[in-house]
Amino acid sequence: MTAPVTGLIGFSFILLLRSTIRFQTTGFSHFSKRKASRKNLVVCLWHNQLLFMPFMWSGRWGGAHAIVSRSRDGERIAAILRFFGIGTIRGSSTRGGTSVLRQVLAMTKAQESSFFVTPDGPTGPPFKVKDGAAFLAYNPEVPVYCMSVMYGRCRILGSWDRFLLPMPFSKAYFVCSPPLYLGRSKEYSVRSLEVEKGLHIVNEVAMALSLSRIRPEEADAILEKRFGESIREEFLTVRFSCGTEEQKGRKDS
């Protein structure tokens with residue numbers, strides 16, 4: 001009974017805190033359409049920004065799984081996520097990694113689920129993507145979205161990940177990348193670098209918004225410029241895999 005009770009307490013606390021926070025979202029257009037279509041997708045975010053991310057799945061109960069470690073903290077997180085309608089796959093790069101891979105591949109083939117992953121978890125180092133997280137991006141048809149959230153006022157806890165706890169009545173600035181189609185043809189290490197780069201970009205934009213250094217319309221332009229056409233190039237290369245069709249795909253982009 002401990003886990004359900006802990007989950008309910010955590011869920012209630014998050015809802016109460018959420019009721020005092022104003023949300024602003026930037027760059028979520030493509031993600032929202034993909035989520036509404038009920039097609040598979042992958043969301044990557046840093047571990048210290050987990051608190052409010054389940055709200056980005058609002059409007060669609062079920063159909064998503066988060067990869068959560070088998071630690072005691074992981075059990076608490078899993079219990080809270082269940083109240084948000086998000087399932088969990090228990091494992092990490094150090095414990096249960098093979099089992100996680102098998103479950104993810106089976107779900108992806110069956111078009112059964114989308115995935116949330118914190119690629120610097122469960123123990124760090126913070127803000128560094130581990131190679132093992134890149135297997136989620138193996139399918140060229142499934143987009144990866146990098147997300148970040150920063151707050152107008154918050155506390156940085158003393159945990160390994162420097163967890164962000166927003167202050168009541170502050171504002172949350174959510175930023176989402178365009179879809180990243182990383183494909184099969186890149187090595188895990190290369191895909192990891194692409195995800196890490198994307199997470200740093202959305203983090204920088206969210207931070208600039210929270211400090212009022214840029215306006216929302218400027219944030220959209222920055223995301224478009226920083227990610228650019230390269231986010232679709234790999235996808236097009238895989239899909240248009242021969243001759244003139246490949247060239248046409250590149251030209252049309």
Side-chain angles (χ1 to χ4, degrees), residues 31 40-51 53-54 56-57 64-78 80-81 86-108 113-140 142-150 156-164 175-204 206-207 226-227 230-231 234:
F31 169 79
N40 287 9
L41 58 87
V42 176
V43 172
C44 290
L45 62 142
W46 294 132
H47 198 276
N48 72 334
Q49 298 172 15
L50 272 170
L51 187 68
M53 279 302 175
M56 296 300 100
W57 196 248
H65 284 77
I67 298 175
V68 178
S69 73
R70 294 180 177 178
S71 65
R72 184 174 297 177
D73 284 344
E75 184 61 41
R76 296 190 188 103
I77 292 170
I80 293 171
L81 289 176
I86 298 175
T88 55
I89 300 174
R90 305 301 302 278
S92 65
S93 58
T94 54
R95 294 175 62 192
T98 303
S99 174
V100 169
L101 178 58
R102 283 200 302 267
Q103 292 180 70
V104 168
L105 292 178
M107 288 180 176
T108 301
S113 190
S114 297
F115 302 97
F116 285 76
V117 61
T118 54
D120 58 342
T123 57
F127 318 122
K128 183 70 178 175
V129 172
K130 297 176 180 178
D131 283 348
F135 69 77
L136 284 167
Y138 88 99
N139 192 330
V142 177
V144 176
Y145 298 91
C146 295
M147 288 189 188
S148 179
V149 59
M150 289 292 171
I156 301 176
L157 303 186
S159 55
W160 69 265
D161 59 351
R162 305 170 198 167
F163 195 85
L164 299 179
V175 176
C176 181
S177 75
L180 305 176
Y181 294 99
L182 302 180
R184 291 176 186 251
S185 61
K186 290 184 178 179
E187 307 243 342
Y188 280 161
S189 59
V190 176
R191 292 205 293 267
S192 294
L193 288 174
E194 290 294 321
V195 172
E196 188 169 304
K197 177 184 174 184
L199 285 171
H200 285 312
I201 291 172
V202 294
N203 224 44
E204 289 171 10
M207 178 67 77
R226 293 291 298 276
F227 285 95
S230 63
I231 63 171
E234 176 63 24

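Hydrogens, waters and symmetry mates play no part in the numbers below; they use all other heavy atoms, side chains included. Just so it is clear, the structure is predicted and the values come from calculations on it, not from any experiment.
Taking the six-membered ring where tryptophan is involved, the planes of His200 and Trp46 are tilted, since the angle between them lies from 30° to 60°. Using a 30° and 60° split on the angle between ring planes, Phe116 and Trp57 fall in the perpendicular class, above 60°. Taking the six-membered ring for Trp and thresholds of 30 and 60 degrees, His65 and Phe115 have ring planes inclined between 30 and 60 degrees apart.
Atoms NZ and OG1, on Lys130 and Thr123 in that order, are 4.0 Å from each other to the nearest 0.5 Å. Put simply, OH on Tyr145 and OG on Ser114 are 9.0 Å apart, with the number rounded to the nearest 0.5 Å. Atom CD1 in Ile77 sits 7.5 Å away from atom OG1 in Thr118 (nearest 0.5 Å). Going from atom CZ of Phe31 over to atom CE of Met56 covers 8.5 Å, rounded to the nearest 0.5 Å. Atoms OG1 and CD1, from Thr88 and Ile80 in turn, are 12.0 Å apart once rounded to the nearest 0.5 Å. For the atom pair CE of Met207 and OG of Ser148, the computed distance is 8.0 Å after rounding to the nearest 0.5 Å.
Cys44 approaches Leu199 most closely through the heavy-atom pair O-CD2, 3.3 Å.
The shortest side-chain heavy-atom distance between Asn203 and Gln49 falls under the 4.5 Å cut-off. Asp120 has its side chain out of reach of Val129: every pair of non-hydrogen atoms, C-beta onward, lies at least 4.5 Å apart. Residues Val149 and Leu45 fail the side-chain proximity criterion, which asks for heavy atoms closer than 4.5 Å. Residues Glu75 and Val68 form no side-chain contact, since every pair of their non-hydrogen atoms from C-beta on lies 4.5 Å or further apart. Contact check for Cys146 versus Leu180: side-chain heavy atoms found under the 4.5 Å cut-off.
Asn48 places a side-chain N or O within donor-acceptor distance of the main-chain N or O of Arg162, the cut-off being under 3.5 Å.
Surrounding CD1 of Ile156 are at most 12 heavy atoms belonging to other residues, nucleotides or ligands under 6.0 Å away.
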